[in-house]
There are 2 protein chains.
Amino acid sequence: MPSIQDVAKLANVSTATASRALSRPDMVAAGTRERVVQAAQELGYQPNVLARSLRQKETRTIGLIVADILNPFHALIAKGAQDAADRHGYTVFLFNSDEEPAKELRAMETLRGHLPTGLIVAPTSGTRAHLRTLPNLPVVELDRVSGHPGTTTVTVDNVGGAMAATQHLIELGHRRIGMIVGQQDISTAIDRHDGYRAALKRAHLNYDSALVLPGHHREDDGYRAARHLLTLPEPERPTALFVGNNEMTVGAVLAARELNLDIPHDVSIVGFDDSRWAQTMSPPLTVIAQPAYDLGRLACEHLIGQLGVAHPATPVRVQLQTELVIRNSTGPPHTADHAKRSSRPSLGPSPHSR
Amino acid sequence: MPSIQDVAKLANVSTATASRALSRPDMVAAGTRERVVQAAQELGYQPNVLARSLRQKETRTIGLIVADILNPFHALIAKGAQDAADRHGYTVFLFNSDEEPAKELRAMETLRGHLPTGLIVAPTSGTRAHLRTLPNLPVVELDRVSGHPGTTTVTVDNVGGAMAATQHLIELGHRRIGMIVGQQDISTAIDRHDGYRAALKRAHLNYDSALVLPGHHREDDGYRAARHLLTLPEPERPTALFVGNNEMTVGAVLAARELNLDIPHDVSIVGFDDSRWAQTMSPPLTVIAQPAYDLGRLACEHLIGQLGVAHPATPVRVQLQTELVIRNSTGPPHTADHAKRSSRPSLGPSPHSR
DNA sequence: TTGAAAGCGCTAACAA
DNA sequence: TTGTTAGCGCTTTCAA
């Protein structure tokens, strides 16, 4: 690997001039500049980022910790952030916390040694404590908020989204609406739960805690919770389910299928988060869609934007809107008064539309 | 951020000793060692990776370039690689090429400045040329091979997988089997095409080039190709489709739905790559499953394993097996001799808008 | 077993 | 406009 010394030698200038010619062209005479650039090209010179960063105490590197890169929602966030970083000449270090605070801490420690210019994190329950390890590091929280004071947050309107989902079911005529909710120490789960309650209240429906089951955001949790709710004795069984995230929604759908319940005839389902399979599943799922890519993009842009700036008095709180996408997994309830259709040959592929 | 100087001062030793105490404990007297470790802990010292790497000319960093992090197959690869790197104390720089050689080159250039210890790449058509920019950098190719001489490759048996898929269809009684194949400058696409041909040949079936349509690995390509194949006039229309990757398979399924063709009654479909939605789709898809996580893991382990070693005479070629997972998207053909069922209600009118 | 000193490649004061 | 020089934080000779 050629160094700037080699370039300088070939161009017959000092290393300082070579450095300037490449990084601050306007500080150097046109002729010299050209010689240096020419030499650099000839040697295939690529500056050593490590040396530069060490000297400048500025790495142009951003740490990004997402909860689970295998979840398309988080993958899309990561892509949005990475694309944005790239546009601004930053490089992203991507880590997975797998929803485990311990892993998140490890990621932060690793990151710290690399002296990132800033950090974007989709918090776990441990984030607030962990962030105290990294004072003076500009942080943007993404998707969820940890409650750490002073950090910029980029989220969606989870309360509003959950209300829209619940209200959609209510408007279809549902009165017993179950919710499969995420961990109650994660802000999104709390907010979605709140939105669900608020929508019920507005419609003067009772909140029945027996219809609200917690999960840890995994498919399996959704499956188990749905199985429980959907096998409640008839008057108690919910006619609709609002599921708090994408993975759990898959589980809920599988549970319904397994119980031979037709969606939406026997049970309506609304999920949170849109995704490829929400569209291609049968039936295509009604969901609350989130602008995941923009979430990542904006988090990154805000982080970069506030880098130079001194600590702003009031931290920025960006909130994006969600969108209710009505597909075919929701419909009016068919309760006991309707003859229970017995042998539907599973769930025929339903019309796919958007 | 405390530096090793601070630690040294607090422990009353020179920086050299402090460094040794932390990195090579056995070179230091027990008492001194303890004092240093104690001091480091007290200060929350974390070594500056940049300075260390600059000095040692060794970054313990691995570059990873995948084709598309939004594709669960690649996401799983990335996770496998990252987990493995982590276990060995390496940090991964993850980049997306988005299947574009130009983006891949940019990623490599960025990477180069960071002096990665090694590189793992899922090649595009440009990789072979680009790798010449990075001589002396240990490289492992993943999933696909670029033909760059001397690099270790970790792939699956694409020929075998494609043969298994095709043979499965043949055994079910299909005689006209269409294939939607990937870009013919990507090794996996070539291999899968070869496997398809080989299986036909072994069964003494003609290879009909009219039944083989190319695509660029995107859902949309699969959709268009399938639409074309499935609307061929009756005697020519294939009764089964083998689709060369996961994204295109989704497109093919959507096309079949839109044409009101029942899967597998009217057309059988086998995809390459398993995934969440392959399982949850309706019908659940028969696929050739690939060990994506292990692909990533092994690529990383081989890279790390060969780091110290001088250039091995014969490059390593790891090949993993695929597995035919039979679900419900394949069945025996029902050709013209069967009465064509006209109005299958289950399929529903499927206005798939795009 | 420890310390002094050099140097990785780069950029930024400062001087010329 | 250019060059000289120092130093970012660390590890590693070399010497004691």
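Note that this is a predicted model, so its numbers are computed, not measured. So that the names make sense, note that chain A is the first sequence line, chain B the second, and so on, each numbered from 1.
Between Leu22(B) atom CG and dC10(D) atom C1' there is a gap of 11 Å when expressed in whole angstrom units. To the nearest angstrom, P of dC10(D) lies 11 Å from CG of Leu50(B). Atom pair Lys57(B):NZ and dC10(D):C1' shows a separation of 14 Å (rounding to whole Å applied). Put simply, CZ on Arg60(B) is 16 Å from C1' on dC10(D), counting in whole angstrom units. Distance CD (Gln5(B)) to P (dC8(D)): 7 Å, rounded to an integer number of Å.
Each end of the helix from dT1(C)-dA16(D) to dA16(C)-dT1(D) gets its own axis from five base pairs, and the two axes differ in direction by 40°, given to 10 degrees.
When the nearest nucleotides of DNA chain C are assigned to Val13(B) and Ser3(A) by heavy-atom distance, the more 5′-ward of the two goes with Val13(B).
Here OG1 of Thr91(B) is found 12.0 Å from CG of Leu94(A). Values are rounded to the nearest 0.5 Å.
Counting only distance, with no hydrogens or angles, the side chain of Arg33(A) and the backbone of Val28(A) share a donor-acceptor pair below 3.5 Å.
Counting any heavy atom pair closer than 4.0 Å across all strands shown, Thr32(A) reaches sugar-phosphate atoms only and no base atom.
A salt bridge links Lys79(A) to Asp98(B): at least one charged side-chain nitrogen sits closer than 4.0 Å to a carboxylate oxygen. Looking at Asp26(B) and Arg20(B), no side-chain N of the basic residue comes within less than 4.0 Å of a carboxylate O on the acidic one, giving no salt bridge. Salt-bridge annotation for Arg218(A) and Glu99(A): absent, with no side-chain N of the basic residue lying under 4.0 Å from a carboxylate O of the acidic one.
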- Message: Could you walk me through whether Glu104(B) and Thr127(B) satisfy the side chain to side chain donor-acceptor pair (under 3.5 Å) test, starting with their C-alpha distance in whole Å, then the side-chain angles of each, then the deciding distance to 0.1 Å, before giving a yes or no?
- Response: CA-CA 8 Å; Glu104(B) 183 190 80; Thr127(B) 305; 2.7 Å; yes

- Given the rule in the side chain to side chain donor-acceptor pair (under 3.5 Å) test, do Glu141(B) and Thr152(B) qualify, once you have shown the distances and angles that lead to the verdict? CA-CA 6 Å; Glu141(B) 289 180 354; Thr152(B) 295; over 6 Å; no

- Message: Show, in sequence, the C-alpha distance, side-chain angles and deciding distance for Glu247(A) and Asn245(A), and conclude whether the side chain to side chain donor-acceptor pair (under 3.5 Å) test is met.
- Response: CA-CA 6 Å; Glu247(A) 301 277 330; Asn245(A) 89 334; over 6 Å; no

- Task: Scan nucleotides 11-16 of chain D nucleotide by nucleotide, 5' to 3', and note B when protein non-hydrogen atoms come under 4.0 Å of the base, S if they reach only the sugar-phosphate, - if neither.
- Result: BBB---

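With sequence neighbours left out, His217(B) forms a ring-ring contact (aromatic ring centres under 6.0 Å, His included) with no residue at all. Not a single ring-ring contact (aromatic ring centres under 6.0 Å, His included) links Tyr293(A) to another residue, sequence neighbours left out. Take Thr17(A) and apply the side-chain hydrogen bond (donor to acceptor under 3.5 Å, both in side chains) test, not counting sequence neighbours, and it matches Ser14(A).
Read 5' to 3', the first and last nucleotides of DNA chain C with an atom closer than 4.0 Å to a heavy atom of chain A are dG9(C) to dA13(C).
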